[in-house]
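Notes follow once the structure below has been shown.
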Protein chains: 2
Amino acid sequence: MASATHLFPIRHDAIPSLLQKYGIVPTTQRIEIAATLLCERQHLSADQVLKRLTEHGVSVSKATVYNTLGLFAERSLVRQVIVDPAKVFYDSNTEPHHHVYNVDDGTLIDIDTANMCLEQIPYPPRGTFVETVDIVIRIRNTV
Amino acid sequence: MASATHLFPIRHDAIPSLLQKYGIVPTTQRIEIAATLLCERQHLSADQVLKRLTEHGVSVSKATVYNTLGLFAERSLVRQVIVDPAKVFYDSNTEPHHHVYNVDDGTLIDIDTANMCLEQIPYPPRGTFVETVDIVIRIRNTV
DNA sequence: CCCCGATTTAGACTCCGTCTAGTTCAAATG
DNA sequence: CATTTGAACTAGACGGAGTCTAAATCGGGG
Ligand SMILES: [Mn+2]
Ligand SMILES: [Mn+2]
Ligand SMILES: [Zn+2]
Ligand SMILES: [Zn+2]
C-alpha cells in the first residue's frame, strides 16, 4: 500500500489501478471523484469537488463525495489540510510540503520543505506517535 | 495596544485595565468572558467558554461570546488556534509558541519555540505580509 | 434624570459535515 | 443467462458551529 508518490498529471485511465494500489475498490463514483481532485496539484474542499462533478454532468451524491474524500485521506491517497475554520481542504499533493494560506482571499499554496529546516521537535507523550507536522504560514493582503 | 505579554494567573480585578490596554471597552460581559479564558494558560472553544459561564451562573448570550472572542483575537489579546475542522480554539497564551494536537482525544498542548529552529521561510508574495507561522504536530494514540 | 450610541440579546438562519434507512450495483455463483 | 448478496450509493433529514438581524438594554456624559 502506497509506495512512491504518483506524478502529475494523472491520466483518467490510470486512476482505477491507482485506487487499487491504495487498497480502495475503484467504483464508478470513486474514479470520478479521484479524477476531479487528482488531475493536478490542487487544494479543493468537498463542496468544490461536488460542484465540479455536477458542472461536468457527473451526478454523485453529497454523502458519497464526503465519504470518499474521507476514505482517500484515511488511505493516504490525498491529504487533509486544516487551515480554514469553515472547511477542510483536500490536497492532491501527498509529498511532504507545507502551506501558505492567504487569510483574506482563501488562497492556499504549497511550499517546498527544501531549505526549511525544522529541528528539535519534542518527543510525543507516551502512548502516542507523531502523525504529521504541519507548518502553515498565514499571510494577509496589505491595505 | 499590546506591549509586554501579561502573566498568569491574571486576577479578576486586573481585567478591566487589561482590556483597556488592548483598546477594548471593558463591559460586564467582556470582563466575564476574559476572566473565564484568561484565568490560566488554556485553549477553549467559544462553546466551552459559554458553558463555563453558564455553569458559574453568569448569563451571557451566545452571540456575545462569539463576537467577544472574535474581538479579543482581532485585538491580539488572545490567539485563535485552527487545528480541528469542527471548531476554533481560543488560546490565552499569546507568547510565541506552537502546538501538539492529539487527533484522537482532542487534547491541545503548547510547546515552546525554544530550540525549535525554523529557517528559510520563503518571502510572502508581493502585496502580502506574514501574519503568523503556525506549527502543529498532530499525534495519535497507539492502538 | 435623560439621552443616545454602543452593546447585548433571542432566536432565526446558514453552512459544512454526518447519519440513516432504503435502493442500486456489480461481481460471483449456479 | 438468471440469481444472489453484500458493498456502495443515495436522498434527505439531521446536528453543531458560527453568523445575522432587529429589537431591547445599558451606562456614562450632559
Ligand atoms: Mn470549484
Ligand atoms: Mn468546559
Ligand atoms: Zn498542498
Ligand atoms: Zn497555545
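Computed from heavy atoms alone, side chains included, the values below leave out hydrogens, waters and symmetry copies. Order of the sequence lines sets the chain letters (A, B, ...), proteins ahead of strands, with each chain counted from 1.
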Inset, instruction - Kindly state each residue pair satisfying salt bridge (charged side-chain N to carboxylate O under 4.0 Å, His left out) with at least one member in residues 57-72 of chain A, sequence neighbours excluded. - result: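 Salt bridge (charged side-chain N to carboxylate O under 4.0 Å, His left out) check on residues 57-72 of chain A returns no pairs.
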Suppose we screen for salt bridge (charged side-chain N to carboxylate O under 4.0 Å, His left out). Which residues come up paired with [X], at least two apart in sequence or across chains?
X	answer
Asp110(B)	none
Asp47(A)	Lys51(A)
Arg11(A)	Asp13(A)

Inset, instruction - Would you please name every residue forming a side chain to side chain donor-acceptor pair (under 3.5 Å) with Thr132(B), sequence neighbours left out? - result: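 By the side chain to side chain donor-acceptor pair (under 3.5 Å) rule, Thr132(B) matches Asp134(B).
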Legend entry - Below 4.0 Å: OP1/OP2 of dT7(C) and any side-chain N or O of Thr27(B):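 Checking dT7(C) against Thr27(B), no side-chain N or O comes under 4.0 Å of OP1 or OP2.
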Legend entry - side-chain N/O Ser61(B) vs dT9(C) OP1/OP2, d < 4.0 Å: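 So the side-chain polar atoms of Ser61(B) do come within 4.0 Å of the phosphate oxygens OP1 or OP2 of dT9(C), strictly under.
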Inset, instruction - Report the distance from atom CD of Glu32(B) to atom P of dT8(C), rounded to the nearest whole Å. - result: 12 Å
Inset, instruction - Shoot me the first and last contacting nucleotide of DNA chain D against chain B, ordered 5' to 3', at under 4.0 angstrom to non-hydrogen atoms. - result: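 So the contact region on DNA chain D extends dA17(D) to dG27(D).
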Could you pull out the protein-nucleic contacts involving nucleotides 21-23 of chain C (nitrogen or oxygen on both sides, under 3.5 Å)?
none

Inset, instruction - Would you give a per-nucleotide map of nucleotides 12-20 of chain C, 5' to 3', where B means the base has a protein non-hydrogen atom under 4.0 Å away, S means only the sugar-phosphate does, and - means neither? - result: ----SBBB-
Inset, instruction - Using side-chain contact (heavy atoms from CB on, under 4.5 Å) as the criterion, list what pairs up with Thr94(A), not counting sequence neighbours. - result: Thr5(A), His6(A)
Acceptor/donor pairs from residues 29-41 of chain A side chains to any protein atom, 3.5 angstrom cut, sequence neighbours excluded:
| residue | atom | partner | partner atom | Å |
| --- | --- | --- | --- | --- |
| Arg30(A) | NH1 | Val25(A) | O | 3.0 |
| Thr36(A) | OG1 | Glu32(A) | O | 2.8 |
| Arg41(A) | NH1 | Asn93(A) | OD1 | 3.2 |

Legend entry - Contact list for residues 51-74 of chain B, test ring pair (Phe, Tyr, Trp, His ring centres under 6.0 Å), sequence neighbours left out: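 Checked against ring pair (Phe, Tyr, Trp, His ring centres under 6.0 Å) - neighbours excluded - no pair reaches residues 51-74 of chain B.
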Inset, instruction - Taking ring pair (Phe, Tyr, Trp, His ring centres under 6.0 Å) as the test, write out the residues that go with His97(A), two or more places apart. - result: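 Partners of His97(A) under the ring pair (Phe, Tyr, Trp, His ring centres under 6.0 Å) test: His99(A).
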Legend entry - Donor-acceptor contact present, side-chain Thr64(A) to main-chain Val60(A), <3.5 Å: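 It does not hold such a pair.
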